[in-house]
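Have a look at the structure below before the remarks.
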Amino acid sequence: MTGSPPDTYEAAMRLALAEAVRAGGRGEVPVGAVVLGPPGSGVSGPGGVLAAAGNDREASADPTAHAEVLALRAAAARVGDWRLTGCTLVVTLEPCTMCAGAAVLARVDRVVYGAVDEKAGAAGSLWDVLRDRRLNHRPEVVMGVLADECAAVLTEFFSGRRA
Ligand SMILES: [Zn+2]
């Protein structure tokens, strides 16, 4: 598989952004994720979307309820298989170590993210779990899709909190 140009995933990132904004409206840190099904698989809905989720850590009082984990779980439930081979995880913020690990375990083909997380990112910033050669599954990584918009949602959320 060859590298994917970032604009291939802009429409999916807009859906993830909508999930992020919804999460922010609920008082959650605004991060959103979608899982795209394998092209032409027939398992996904409009736009190839298999599942979408926003961060739900506060409401569910669950430290693992990050958008990526929730979207991966929902996608796997829909497919009826923990293996999400051929799928693409699209998320507004660079995944943390847990979520990057979950993407590897789910065997997704690709992880697409928007904003860089210099404080906790595990897809190139602090760690690079997704491309670690010691792991036997390494998804393709596409970064920087609508990065400014993804970062702005977070910046606005935290500046609103300080005000
Ligand atoms: Zn995470």
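Not measured: the values here are computed from a predicted model. Order of appearance sets the numbers: ligands from 1, and atoms from 1 within every ligand.
Rounding to the nearest 0.5 Å places CD of Glu10 at 12.0 Å from CG of Leu15. Between Arg110 atom CZ and Cys87 atom SG the span is 10.0 Å, to the nearest 0.5 Å.
Salt bridge annotation for Lys119-Asp117: absent, with no cationic side-chain nitrogen under 4.0 angstrom from a carboxylate oxygen. Here Glu28 does not pair with Arg22 in a salt bridge; the nearest charged N to carboxylate O distance is not below 4.0 Å.
There is a path of hydrophobic side-chain contacts, each under 4.5 Å, that joins Val141 to Val116.
Taking a cut-off of 2.8 Å, the protein N, O or S atoms nearer than that to the Zn ion (ligand 1) are His66 ND1, Cys96 SG, Cys99 SG.
With sequence neighbours left out, the side chain to side chain contact (heavy atoms under 4.5 Å, CB included) criterion links Arg138 to Arg133.
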